[in-house]
Amino acid sequence: MQLNMRRKIKFPSHGSKVDLFLERKFGSKMFTYKKIFAMLIPLILDHFFINAINLLTTAMISSSSQESVSAVSMIAPVSMIMWAIFSAISVGGTVIVAQYKGSGEEAKIRNAAGQVMMATFLVAIVSCIILVACSDVLVNRMFGAADRVVIHKARSYLIGVAISQIFLSIYMGAFAAFRGMGATKICLQLTIIINVIHLFASMLFINVMHLDILGTTLSLNIARFIGSVVAVWLLMYPGSILRIYPKNIFKIDRLILKSIFKLGIPFALEQVFFNAGSMIVQTYIVHLGTINIAANAIANSAFTILYSAGLAVGTLATTIVGQCIGADDKELAGQYGIKMVRLGTVMSIVSIVLLFPLMPVILNMYQAPPETLSLIYKLLLIAIIPMPFFWSTSYVMPNVLRSAGDATFSSIVSLITMWAIRVGLGYIFAITFGLGVYGLWICMGIEWAVRTLVFYLRYRSGIWLSKASIK
């Protein structure tokens, strides 16, 4: 059975003032504004849906105990490191597929899709084995100061998440291909399937059967396994938008793999060290007590809802700018680069206006104690003040640069700012100055501001357009 989006997206009537305005702002010889927003809307729903489900499942875990949500929070950077490695390969695959799409090379599109599927799967297998084997040592070394109950739950959660990454890697590879093609509706459909299963399985295992951390990992593995099966079918069935064959996966194409890893490795290293920095931050949050750990975890979970639309614009930028580069139109790539950043800013403001007033309802699901809720609100306010000014350039612009092959610069800047500001300055603010978890969130805003300046200067220089990804 083929998955299709039956409902058409309703756009302003042709020739109306809004229609003409949007076409003037976003239309070009390669894209109409309708095509761009037809890709963006499913991406927004995709990111929002993922983060909303994660928020709900975190709320379920929080309802079990503060120790459970603390354990999940502590392991989040560890699991993100593992996820980031093959996610980075997936991003590299998206860029290469988008560039081949722009150049019209159908055979190479299929090869790129197959190669990224193989690469993400193999990396996930290796990382899973390492993390399961080292789970006890890793948790005790990093979080030995935490309560024993939290330590035990953290180790169980790490093992379950490590296994689930194998299934995640498969559909992440599929997402890379579909997003590079601009087929974002398919990604949304697959996201809905996976996350609805995850939600209902979590309700069963956590709320009904009271399996706590075990229930969390069971629901995650079941949802991701089903998602991986559906993803493979969507890529290989006869009516697929991009039908690939086993030979596209198992026959090595050195040129395409080199291009994928050339983009993916810098981003992977960035994400690994970025999340390593997050782990270090977690080690000194542990010393602030369970309330601070839980408040930081819940605030981070709630904050993802506010930047979901912005992340969607970043993903869209990879496709749009990548296809312009593949078509050898650098001028258009530059134009769309700044347009995507501005669109990301608009989406951030809209998200704050629409969603922040709903935070009392959202946070009520966590059933956190009053002192924890008060801390969460303050952390969110610290984040949303600088967000409209700095978040989009800080996070959308790197995707623009990376789409043209300028991956190394983006990764180096992200690493330096992370370690110098969020880790180093964060420690000074949180521990030395005694600001606690507030200091960490203040430093996050400072990091956005610095990244904004550096990435904007790089964009203005035009150097990023001289990088080559495909030949």
Side-chain angles (χ1 to χ4, degrees), residues 26 28-31 35-36 39-40 43 47 84 87-105 108-109 112-113 116 172 175-184 187 256 258-268 270-271 310-344 347 392-414 451 454-471:
F26 295 101
S28 69
K29 61 185 179 182
M30 284 190 67
F31 304 99
K35 184 175 181 180
I36 289 175
M39 289 188 282
L40 177 61
L43 282 172
H47 283 277
S87 176
I89 298 171
S90 175
V91 169
T94 297
V95 172
I96 299 304
V97 170
Q99 292 189 7
Y100 281 135
K101 170 68 174 175
S103 65
E105 300 180 78
K108 289 188 176 180
I109 294 174
V116 73
M172 283 295 292
F175 274 24
F178 289 130
R179 285 174 175 164
M181 292 287 292
T184 56
C187 298
I256 289 178
K258 181 180 177 181
S259 298
I260 290 172
F261 282 112
K262 181 181 177 182
L263 292 168
I265 288 176
F267 188 44
E270 170 196 335
Q271 293 299 303
L311 286 179
V313 175
T315 304
L316 177 67
T318 303
T319 301
I320 297 293
V321 178
Q323 289 191 18
C324 292
I325 293 294
D328 199 27
D329 195 333
K330 294 181 180 180
E331 181 180 356
L332 191 59
Q335 292 172 7
Y336 272 118
I338 199 66
K339 287 178 180 180
M340 291 298 104
V341 172
R342 290 169 180 167
L343 183 59
M347 289 295 135
S392 185
T393 309
S394 180
Y395 282 93
V396 176
M397 185 61 83
N399 282 8
V400 171
L401 305 181
R402 199 173 286 117
S403 299
D406 196 18
T408 302
F409 177 84
S410 302
S411 297
I412 290 174
V413 171
S414 297
R451 283 164 57 100
V454 176
F455 286 134
Y456 180 71
L457 291 175
R458 181 69 167 187
Y459 169 82
R460 287 293 301 270
S461 73
I463 296 173
W464 61 285
L465 288 168
S466 65
K467 308 295 180 179
S469 298
I470 62 174
K471 298 179 181 178

Once you round to the nearest 0.5 Å, how far does [atom1] of [X] lie from [atom2] of [Y]?
| X | Y | atom1 | atom2 | answer |
| --- | --- | --- | --- | --- |
| Ser410 | Asn399 | OG | CG | 8.5 Å |
| Leu43 | Leu311 | CG | CG | 10.5 Å |
| Gln323 | Phe31 | CD | CZ | 4.5 Å |

Next item on the list: Can you run down the salt bridge (Lys or Arg N to Asp or Glu O under 4.0 Å) pairs that involve residues 311-329, sequence neighbours left out, and say none if there aren't any?
Entry: Lys29-Asp329

Next item on the list: Please collect all salt bridge (Lys or Arg N to Asp or Glu O under 4.0 Å) contacts where either partner lies in residues 175-184, sequence neighbours excluded, each pair once.
Entry: Asp46-Arg179

Decide yes or no for [X] and [Y]: does some side-chain heavy atom of the first lie under 4.5 Å from some side-chain heavy atom of the second?
| X | Y | result |
| --- | --- | --- |
| Ser414 | Tyr395 | no |
| Pro398 | Arg451 | yes |
| Ile265 | Thr408 | no |
| Ile36 | Ile320 | yes |

Is it true that a side-chain atom of [X] and a backbone atom of [Y] form a donor plus acceptor pair closer than 3.5 Å?
| X | Y | value |
| --- | --- | --- |
| Ser90 | Met172 | yes |
| Tyr459 | Gly334 | yes |
| Ser103 | Gly326 | no |
| Asp406 | Leu401 | no |
| Gln99 | Ala404 | no |
| Lys108 | Tyr100 | no |

Next item on the list: Test side-chain contact (heavy atoms from CB on, under 4.5 Å) on Tyr336 and Lys339 and set out the steps.
Entry: CA-CA 5 Å; Tyr336 272 118; Lys339 287 178 180 180; 4.2 Å; yes

Give me the atom names and distance for the closest heavy-atom approach of [X] to [Y].
| X | Y | result |
| --- | --- | --- |
| Met39 | Leu316 | CB-CD1, 3.7 Å |
| Val97 | Ala112 | CG2-CB, 3.8 Å |
| Ser259 | Ile96 | CB-CD1, 3.6 Å |
| Pro266 | Ser411 | O-OG, 2.9 Å |
| Ser403 | Ile325 | O-CG1, 4.2 Å |
| Ala317 | Met340 | CB-CG, 3.7 Å |

Next item on the list: Dump the intermediate steps for side-chain contact (heavy atoms from CB on, under 4.5 Å) on Val400 and Trp464, then the final yes or no.
Entry: CA-CA 9 Å; Val400 171; Trp464 61 285; 3.8 Å; yes

Next item on the list: Dump the intermediate steps for side-chain contact (heavy atoms from CB on, under 4.5 Å) on Phe26 and Leu40, then the final yes or no.
Entry: CA-CA 12 Å; Phe26 295 101; Leu40 177 61; over 6 Å; no

Checklist line | Sequence-distant partners of Thr315, side-chain hydrogen bond (donor to acceptor under 3.5 Å, both in side chains), two or more places apart | finding: His47

Item checked: Between Arg402 and Thr318, a side-chain donor and acceptor under 3.5 Å ->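 There is no such pair between these side chains.
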
Notebook entry, point to check: For Tyr456, does the OH atom have more than 12 heavy-atom neighbours from other residues, nucleotides or ligands under 6.0 Å away?
Noted result: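 Atom OH in Tyr456 is not crowded, with 12 or fewer foreign heavy atoms closer than 6.0 Å.
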
Next item on the list: Dump the intermediate steps for side-chain contact (heavy atoms from CB on, under 4.5 Å) on Ile463 and Ser466, then the final yes or no.
Entry: CA-CA 6 Å; Ile463 296 173; Ser466 65; 4.2 Å; yes

